[in-house]
Every structure is written in C-alpha cells, then in structure tokens.
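Here the structure is laid out as structure tokens; the discussion comes afterwards.
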Amino acid sequence: MIDVLYFAWVRERIGCPRERVDTDAATVAELVEELKAREDRYAAAFADVSALRVALDQELSEFSAPLDGVREVAFFPPMTGG
Amino acid sequence: MRVRVQAEPFDYGAECAGFGQGGRDVGAVVTFLGVVRDDKGTLARMEIEHYPGMTEKAIAAIAEEARTRWNLADVLVIHRHGALVPGEAIMMVATAARHRVAAFAAAEFLMDYLKSRAPFWKKEFGPDGAEWVAAKDDDEDALRRW
C-alpha cells in the first residue's frame with residue numbers, strides 16, 4: 001500500500017486530496033498507468049504528464065523513478081511559490 | 001537559520017529589526033518582501049495551497065544551500081499559505097553576510113528557488129471565477145544562472 005497525494009488542479013480533477021493505493025507498480029510511470037486505467041477523472045488528470053511533477057517521500061523525483069520502499073507519492077503541477 | 005510556513009500574517013518590520021545585527025562578522029543584511037500584486041485590476045483574492053511537510057523540508061534545504069554557498073551568518077524565510085488579498089505580504093527572505101554581494105546573491109537565489117522548487121500553488125479568484133496560476137518558463141530559466 002502506498003499513500004498517493006494530489007495538489008492544486010490535479011487534486012481538483014481527481015476529486016480527492018489523498019488516498020491509499022494497493023499497487024504492484026515498479027515505477028511512478030507504472031503507477032500513473034494503473035491510475036489512468038481506473039476512471040476517466042484519473043485519465044484526465046494524467047493526460048499530459050509533462051505538465052506534472054512528482055515527489056517521492058516529499059522529495060522531487062522523476063516519473064521513471066522506482067517505487068521500492070516509497071511510502072508517499074505526490075502529484076502536482078509545476079510549483080508557483082514566491 | 002529559520003524557516004516558517006504559516007497562514008497568519010507576519011510583521012515584516014519586527015522580523016527585520018535586529019536580524020543579522022549585533023555581531024562582529026556581518027557587514028550586510030538584505031531583506032525582501034513579496035506582496036500580492038493585481039496585474040489585471042480584478043483580483044479579489046489569492047489562495048495558496050502547499051504540501052505540509054514537504055514545504056518546510058524543501059525550504060530548509062534551499063536555505064541551507066544558500067547558507068553554505070554564500071557563508072551566511074543567518075537566513076530567514078517566511079512563506080504564507082491560505083487566502084490573501086492584493087497588497088498583503090506573501091513571503092519574505094532575509095540574509096546576513098560579511099559583504100553585500102553575497103547577501104544580495106543569496107537573497108536572489110532563495111527567491112528563484114522558492115518560486116519553482118518549494119511546493120506552493122497559487123489560485124487567483126476574480127469576477128470570472130478562479131484560475132490556477134501557471135508556472136512561467138522564465139521561472140525555470142532563472143534557476144540555470146545558479
């Protein structure tokens with residue numbers, strides 16, 4: 001089980017801020033494919049992953065990164081702080 | 001080094017008073033205040049979402065990098081989240097160094113990195129509804145100079 005968090009418009013499109021996901025995905029990209037296959041709202045949120053960023057256990061990462069030992073995955077658009 | 005992420009307002013004057021002063025090794029203090037701007041004249045409010053936990057860690061890492069790179073005597077970063085109206089202070093940074101070149105450079109570095117590496121997302125509310133602020137290519141380009 002892995003905690004998956006969504007922020008900003010990704011959260012709005014999917015309709016929840018976080019959920020527990022039972023997955024065997026080896027990488028972030030595989031997890032994204034599993035989520036997209038679930039329901040249209042996921043497919044809409046992940047339609048263009050080049051517009052998204054991912055953090056693994058609260059560190060910025062890549063979609064190609066492995067999920068070994070990762071407890072928390074977060075998806076969000078590019079950040080707009082400052 | 002101090003990092004604060006908070007919904008409530010902060011007192012810029014009080015934060016600046018005394019920052020970096022009183023020692024013998026600081027010759028320059030730079031402070032920066034970010035304020036909510038209304039470019040179109042229609043902004044009712046802005047809401048800033050963040051990623052509790054990661055936000056504090058990401059800012060602390062950015063501040064620590066600035067501290068070591070410019071040998072800063074002190075660094076302060078305060079960033080707000082939640083609802084803000086035009087004219088309100090969003091965030092501030094302060095840097096204290098031996099010389100002004102380091103203090104200015106470190107403050108600019110902090111600003112550039114906070115814009116696109118700290119997990120905040122701005123949403124603007126106006127008469128036509130709400131819209132997420134899109135990141136600019138310039139923001140990413142700004143990181144390359146460091």
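Residue numbering restarts at 1 for every chain, and letters A, B, ... go by the order of the sequence lines.
- Contacts with chain B (heavy atom to heavy atom, under 4.5 Å) involve these residues of residues 71-82 of chain A, listed by number: A:E72, A:A74, A:F76, A:P77, A:P78, A:M79, A:T80, A:G81, A:G82.
- Within the 4.5 angstrom heavy-atom criterion, only side-chain atoms of A:R11, from C-beta onward, approach chain B.
- More than 12 heavy-atom neighbours from other residues, nucleotides or ligands sit within 6.0 angstrom of CG on B:D138.
- Using a 4.5 Å cut-off between heavy atoms, B:A134 touches chain A through its backbone atoms (N, CA, C, O) alone.
- Contacts between B:I48 and chain A at a heavy-atom distance below 4.5 Å are absent for every atom of the residue.
- Summarising the local packing, CZ of B:R100 is surrounded by 12 or fewer heavy atoms from other residues, nucleotides or ligands at distances under 6.0 Å.
- Both the backbone and the side chain of B:R117 come within less than 4.5 Å of a heavy atom of chain A.
- The choice from B:G34, B:A61, B:P119 that makes the most heavy-atom pairs within less than 4.5 Å of chain A is B:P119.
- Atom CH2 of B:W132 sits about 11.0 Å away from atom CH2 of A:W9, to the nearest 0.5 Å.
- Other residues, nucleotides and ligands place more than 12 heavy atoms under 6.0 Å from the CZ atom of A:R20.
- Contact annotation for B:K122: both backbone and side-chain heavy atoms come within less than 4.5 Å of a heavy atom of chain A.
- Side-chain heavy atoms closer than 4.5 Å link hydrophobic residues (I, L, V, M, F, W, Y) into clusters, and following such links, possibly through other members, connects A:V4 to A:F7.
- Shown here is A:E62, whose CD atom has no more than 12 heavy atoms of other residues, nucleotides or ligands within 6.0 Å.
- Looking at B:A58, there are no atoms closer than 4.5 Å to chain A (heavy atoms on both sides), in backbone or side chain.
- Other residues, nucleotides and ligands contribute only 12 or fewer heavy atoms inside 6.0 Å of the CG atom of A:D40.
- Applying the 6.0 Å contact sphere to CZ of A:R13 captures more than 12 heavy atoms from other residues, nucleotides or ligands.
- With a 4.5 angstrom heavy-atom cutoff, B:H50 touches chain A only via backbone atoms.
- No other option in B:F120, B:Y51, B:F32 has as many heavy-atom pairs under 4.5 Å with chain A as B:Y51.
- The number of heavy-atom neighbours closer than 6.0 Å to CZ of B:F125, taken from other residues, nucleotides and ligands shown, is above 12.
- In the hydrophobic clustering of this structure, B:M111 groups with B:F109; members are Ile, Leu, Val, Met, Phe, Trp, Tyr whose side-chain heavy atoms approach within less than 4.5 Å, directly or through other members.
- Linking ILVMFWY side-chain heavy atoms closer than 4.5 Å, directly or via other members, places B:V29 and B:L72 in two distinct hydrophobic clusters.
- Only the side chain of A:A55 has a heavy atom closer than 4.5 Å to any heavy atom of chain B.
- Sparse packing is recorded around CD of A:E59, with 12 or fewer heavy atoms of other residues, nucleotides or ligands lying under 6.0 Å away.
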